[in-house]
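Please read all numbers here as calculations on a predicted model, not as lab measurements. Residue numbers start at 1 and run along the sequence shown.
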Amino acid sequence: MSEPETDAEGGDETVTSPTPGSNLAGSNQSQSGTLISNPIIQSQNINVFYGDEQALQDVTMDIPEKRVTALIGPSGCGKSTFLRCINRMNDLITSARVEGELLFSKKNVYDEDVDPVALRRKIGMVFQQPNPFPKSIFDNVAYGLNIQGYDGDIEQRVEEALKGAALWDEVKDQLDKSGLELSGGQQQRLCIARAIATDPEIILMDEPASALDPVAISQVEDLIADISETYTVVIVTHNMQQAARISDKTGVFLTGGELVEFDDTQKIFENPEHQRVEDYITGKFG
Ligand code: ADP
Ligand code: MG
């Protein structure tokens with residue numbers, strides 16, 4: 001868990017963001033919600049529509065750097081949609097339209113001069129179903145480096161990424177084997193190795209453990225804790241115990257694409273401000 005951040009009292013519906021560009025470390029001037037001293041992502045009034053259907057409503061939240069932020073909520077409430085806003089994966093869905101600002105290190109990723117491909121190199125993504133390429137373990141991890149035309153020591157980078165993903169010891173003697181021959185849990189760690197090989201700043205994970213068996217789940221959870229010392233992790237999970245175990249901050253989305261509450265994970269699980277959040281967390285619905 002993180003060290004304490006600048007907190008502020010307030011039971012409002014809204015989570016107030018610090019003004020972009022201001023340094024709020026040590027400040028306690030918030031009106032409501034929770035201020036974060038080192039946000040790497042600032043979502044400001046994000047609305048997403050698929051055609052005429054609105055999937056996210058005015059989502060405002062600050063995501064702290066080098067911490068684990070969990071997004072929870074019932075199916076269909078917009079968690080994946082929000083994750084895809086961060087690295088502009090929604091661009092790839094023709095019917096999707098995004099309004100509002102999404103700042104990454106104070107720069108709106110929706111500005112015209114932002115190249116989404118370059119953005120996704122800095123903001124990697126791991127999905128629910130492990131999706132290694134039908135290539136060798138080595139080539140899976142080297143993939144992004146090759147695309148970038150990386151001219152350093154690729155073997156060393158692959159080794160570092162596999163070590164970072166806690167997979168090296170299991171595969172170091174079989175790097176030529178197909179990634180598809182690994183177990184599900186190993187495949188997911190391979191995908192995490194692939195994501196970290198290009199040295200991103202943020203790793204988005206959309207239910208990365210929900211297709212795995214219990215042993216693999218706990219390995220992936222340990223890995224998330226490890227990598228959050230180096231990277232910012234934003235993880236969608238419908239497993240509330242998992243969110244409580246691994247995250248520093250938790251955002252609760254409820255029906256209608258509304259971010260109902262965002263706060264320290266402990267606060268969300270022990271003493272949420274909103275009855276609806278408490279009902280969801282205690283299993284009364286969802
Ligand atoms: P969650 O990840 O919380 O289950 P999603 O972000 O996948 O929720 O979906 C939020 C809403 O947006 C749902 O109503 C869903 O049907 C809709 N939606 C998601 N993806 C698409 C898409 N590609 N096209 C149209 N509607 C979509
Ligand atoms: Mg989803």
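Between the side chain of T60 and the backbone N or O of N45 there is at least one donor-acceptor pair closer than 3.5 Å. With K79 contributing its side chain and P74 its backbone, the two residues share a donor-acceptor pair below 3.5 Å. In this structure, Q129 contributes its side chain and A211 its backbone to no donor-acceptor pair below 3.5 Å. In this structure, E258 contributes its side chain and Q57 its backbone to no donor-acceptor pair below 3.5 Å. For the pair T265 (side chain) and K249 (backbone), a donor-acceptor distance under 3.5 Å is present. A distance-only check finds a donor-acceptor pair linking the side chain of Y110 to the backbone of C85 [under 3.5 Å]. At distances below 3.5 Å, at least one donor-acceptor pair connects side-chain atoms of N108 with backbone N or O atoms of L102. Between the side chain of E201 and the backbone N or O of T230 there is no donor-acceptor pair closer than 3.5 Å. Proximity of a side-chain donor or acceptor of D248 to a complementary backbone N or O of V68 within less than 3.5 Å is detected.
Criterion: ILVMFWY side-chain heavy atoms under 4.5 Å apart, direct or through other members. Under it, I46 and L92 are part of a common hydrophobic cluster. Residues L182 and V126 fall into different hydrophobic clusters, defined by Ile, Leu, Val, Met, Phe, Trp and Tyr side chains chained together at heavy-atom separations under 4.5 Å. Under the 4.5 Å side-chain heavy-atom criterion for Ile, Leu, Val, Met, Phe, Trp and Tyr, L119 and I63 are members of the same hydrophobic cluster. Residues L162 and V220 do not share a hydrophobic cluster, defined by chaining ILVMFWY side chains whose heavy atoms lie under 4.5 Å apart. L175 and V141 fall within a single hydrophobic cluster, where Ile, Leu, Val, Met, Phe, Trp and Tyr side chains are chained together by heavy-atom contacts under 4.5 Å.
Distance check: I203 CD1 to N87 CG gives 11.5 Å after rounding to the nearest 0.5 Å. Here the CZ atom belonging to R121 is positioned 10.5 Å from the CG atom belonging to L145, to the nearest 0.5 angstrom.
Between L223 and G164, the shortest heavy-atom distance links the atoms CD1-O, 3.0 Å. Closest approach of L180 and Q187 over heavy atoms only: O-NE2, 3.2 Å. Taking every heavy atom of both residues into account, R189 and A166 meet most closely at NH1-O, 2.7 Å. Nearest approach of A55 to Y50, heavy atoms of both residues: CB-CE1, 3.4 Å. Contact between E261 and V277 at its shortest, heavy atoms only, is OE1-CG2, 3.6 Å. Nearest approach of A70 to A243, heavy atoms of both residues: CB-CB, 3.8 Å.
Identified under the ring pair (Phe, Tyr, Trp, His ring centres under 6.0 Å) test for residues 143-193, with sequence neighbours left out: F133-Y143. Applying the ring pair (Phe, Tyr, Trp, His ring centres under 6.0 Å) test to residues at least two apart or on different chains, the pairs with a partner in residues 82-104 are F82-F253. For residues 136-162, every residue pair satisfying the salt bridge (charged side-chain N to carboxylate O under 4.0 Å, His left out) rule, not counting sequence neighbours, is listed here: E159-K163. The list of salt bridge (charged side-chain N to carboxylate O under 4.0 Å, His left out) pairs with a residue in residues 218-229, not counting sequence neighbours, reads E221-R245. Counting only residues at least two apart or on different chains, no ring pair (Phe, Tyr, Trp, His ring centres under 6.0 Å) pair has a member in residues 210-244.
Side-chain contact check for V234 versus I41: every heavy-atom pair is 4.5 Å or farther apart.
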* Going through the distances and angles, do M240 and I268 end up as a side-chain contact (heavy atoms from CB on, under 4.5 Å)? -> CA-CA 11 Å; M240 284 188 270; I268 294 282; over 6 Å; no

* To do: Using the side-chain contact (heavy atoms from CB on, under 4.5 Å) rule, take R88 and V114 through it: C-alpha gap first, then chi angles, then the decisive distance, then the call.
  => CA-CA 10 Å; R88 289 187 51 175; V114 172; 4.1 Å; yes

* Stepwise side-chain contact (heavy atoms from CB on, under 4.5 Å) test for D91 and R120 -> CA-CA 12 Å; D91 288 17; R120 288 178 208 130; 4.0 Å; yes

* Asked: Is there a side-chain contact (heavy atoms from CB on, under 4.5 Å) between L204 and I123 once you walk through the steps?
  -> CA-CA 7 Å; L204 309 175; I123 309 181; 3.7 Å; yes

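Checked by atom type, the side-chain pair N90/R84 shows a donor-acceptor distance below 3.5 Å.
In this view, D113 and K107 satisfy the salt bridge (Lys or Arg N to Asp or Glu O under 4.0 Å) rule, not counting sequence neighbours.
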